Amino acid sequence: RRQDVLTVTPWLAPIIWEGTFNSEILDSAYRPLNLTIGVTAFAVGKYTRFVGRFLESAEKHFMKGYRVNYYIFTDNPETIPDVQLQTGRRFVIVPMKKYPSWQKISMRRMEAINKHIAETSHQEVDYLFCLDIAMVFYNAWGPETLGDIVAAIHPAYFNVPRSQFPYERRSSSAAYIPDGEGDFYYGGAVFGGLVKEVYEFTKTCHMTILTDKANGIMAAWQEESHLNRHFLSHKPSKVLSPEYLWDDRKPKPPEIHLIRFSTVDKNYKEIRD
Amino acid sequence: RRDVLVLTPWLAPIVWEGTFNRDILNAQYMQKNLVTGVVTFAVKKYWFFIEGFMSSANKYFLAGHQVNFYLFTDNPEQISHLQMAPENHLFVIPVQNHSRWQDISMSRMDIISRYISSQFQYEVDYLYSIDIDVQLFEHIGVEIIDTLVGTISSWQYTARRESKSYETRTESQAAIPKGEGDFYYTASFYGGSVAEVYKLTRACFKGVMEDRENGIEARWHEESHLNKYLLYHKPTRLLSPEYYWDEEQ
């Protein structure tokens, strides 16, 4: 039981922290359902160098005991390393176009995920998580994360007042959130849910991204801004604490008992060019 | 709320005043155009409670949303005209009475499952069974809507597991092994999606019938069977004892 943090949102969605759940009870409820969990991750350009560590750590910590399909979107299939997976777990390469800038690649993720769900993954998985590739799993990520619509709290903003959330503040953008509004600042590096729900919200986000493009504007934090706008009006049914989306450069505060998934230190300048 | 448990170990929210914002929930609920049903029984002398229950429920239960009240009674003529809110409907359904109140109580599970199958599944999305001998004094709103919902009994809220009123005799289908059990749920207020309530009422009635054939009756009648069911089919949402407070406690 956690009394030091908020564990339920005002719309009664659980916020997942270590100490709020019992893994055995959850496993006994979910394992018999024979679910397949999908993971999408984009490894475009120099980002392919992160695939090995991502997959190896996922094999150790992500949904152990469940069937998992990893969908790695890349423009560079030859550079993807061969990682040994456990039984019941598959790895699929999804070819992807390379866009001229990292922002454009980032913004096209919603469209790519949506298209892939429609063409392929809706038949193959029950739940889908969309994760950043330049990350590593350090501790268990299990069925406590499964829900209809799942978002994660951004590690840099879980303890700051709403006025400091980096929402898109220009009213000309479709991702605009006015001052005084907003529940949390969700990170774009982790989101997911039932595959049909992910299909719906990736489509909506892609539409708002295209609207901005037509109006010659790009939101402050690319698709993360659009995701935040969407989750304000269509609240997630489950929220993951920053244990599930951590940034190793930050010192660990007392509320974070366990880091499960965290950024790999990277030289942004070098890999984004 | 830091003074109470607001989340079960299987991540079902426990609804207490102060844990939710009804405006946000209403906005979500409105988007979905849902109909909720309430099943209640007024058999024999319980006709006395009809007016109090119906007038308070009509005013406070899911106010502003479409509610179908299904009132089962052995005495339909006794029911005077009840003024209903424009979004609500009242259906009076005649039932047989039994000589023993325990039998009346246990037959409710059977009646509910049969009517879900023949009628309710076509009329409502969510269904709640509520005892008629209550009056609502405060709004009960969409915070109760979820797939499978149990209410923590006010009698048992602070009791430790060993003293909870589970059936322990292994000859009964409602038996819960010693040391097990999450919460003690009241049979006076439970519900969920119409599909889940169907499964629950079928399973409970099956347990009641098997016990009857074996010459045993569970300690707290269908409530014992309900507790067994909810132990092995965990509710997706729990209502705190605020939602059904027995005045005698």
Side-chain angles (χ1 to χ4, degrees), chain A residues 1-33 127 141-150 162 181-184 193-194 197 200-201 204 230-241 243-244 255, chain B residues 1-32 126 140-151 161 177 179-183 192-193 196 199 229-240 242-243:
Chain A
R1 172 152 157 191
R2 294 290 295 268
Q3 291 176 296
D4 57 322
V5 288
L6 187 67
T7 57
V8 177
T9 69
W11 59 94
L12 296 170
I15 305 176
I16 316 299
W17 300 86
E18 180 65 7
T20 58
F21 62 93
N22 179 314
S23 297
E24 270 170 46
I25 299 181
L26 290 170
D27 269 328
S28 66
Y30 281 105
R31 287 261 176 95
L33 304 176
Y127 290 90
W141 176 308
E144 70 282 359
T145 61
L146 297 177
D148 288 7
I149 301 174
V150 184
R162 177 198 280 165
E181 287 187 39
D183 305 307
F184 299 97
L194 284 171
E197 295 292 342
E200 291 302 331
F201 75 71
T204 308
H230 182 79
F231 286 149
L232 177 58
S233 349
H234 303 83
K235 315 252 184 240
S237 61
K238 188 170 273 190
V239 177
L240 306 181
S241 70
E243 293 169 6
Y244 294 84
E255 296 90 338
Chain B
R1 293 295 294 269
R2 284 186 209 215
D3 56 321
V4 289
L5 188 67
V6 297
L7 203 59
T8 68
W10 60 92
L11 298 171
I14 304 176
V15 185
W16 296 87
E17 185 62 22
T19 58
F20 64 95
N21 178 315
R22 196 172 278 136
D23 292 334
I24 299 180
L25 291 173
N26 270 329
Q28 287 181 315
Y29 189 79
M30 291 292 201
Q31 289 171 352
K32 296 179 198 161
Y126 291 90
I140 290 184
V142 298
E143 68 277 6
I144 69 168
I145 304 291
D146 207 329
T147 312
L148 182 60
V149 184
T151 304
R161 192 179 270 156
E180 285 187 40
D182 306 307
F183 298 91
S193 71
E196 288 299 322
K199 288 194 268 185
Y229 185 84
L230 292 178
L231 175 59
Y232 296 111
H233 304 81
K234 309 262 185 236
T236 57
R237 187 168 296 203
L238 270 56
L239 305 182
S240 68
E242 291 167 355
Y243 285 80

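The structure displayed is predicted, hence computed values, not measured ones. To find a chain, count down the sequence lines: A is the first, B the second, and so on, and within it residues start at 1.
For the set B:L7, B:N21, B:L25, B:V6, the entry with the most heavy-atom pairs within less than 4.5 Å of chain A is B:L7. Looking only at heavy-atom pairs under 4.5 Å with chain B, the residue among A:I25, A:T9, A:D4, A:T20 that has the most is A:T20. Among the candidates B:E143, B:R22, B:R2, B:Q31, the residue making the largest number of heavy-atom pairs closer than 4.5 Å to chain A is B:R2.
Heavy-atom contacts from other residues, nucleotides or ligands closer than 6.0 Å to CD of B:E17 number 12 or fewer.
Scanning both residues, B:W10 and A:L26, for their nearest heavy atoms gives O-CD2, 3.7 Å. Nearest heavy-atom pair across B:L11 and A:K238 is CD1-NZ, 4.0 Å.
No part of A:S23 comes within reach of chain B, as not one of its non-hydrogen atoms sits under 4.5 angstrom from that chain. Neither the backbone nor the side chain of A:L6 has a heavy atom closer than 4.5 Å to any heavy atom of chain B. Neither the backbone nor the side chain of A:E24 comes within contact range of chain B; no heavy atom of the residue lies under 4.5 Å from a heavy atom of that chain. Of the atoms belonging to A:S28, not a single heavy atom falls under 4.5 Å from chain B.
Of residues 231-239 of chain B, those residues lying under 4.5 Å from chain A by any heavy-atom pair are B:K234, B:R237.
Note that CG of B:L5 is 9.0 Å distant from CD of A:Q3, once rounded to the nearest 0.5 Å.
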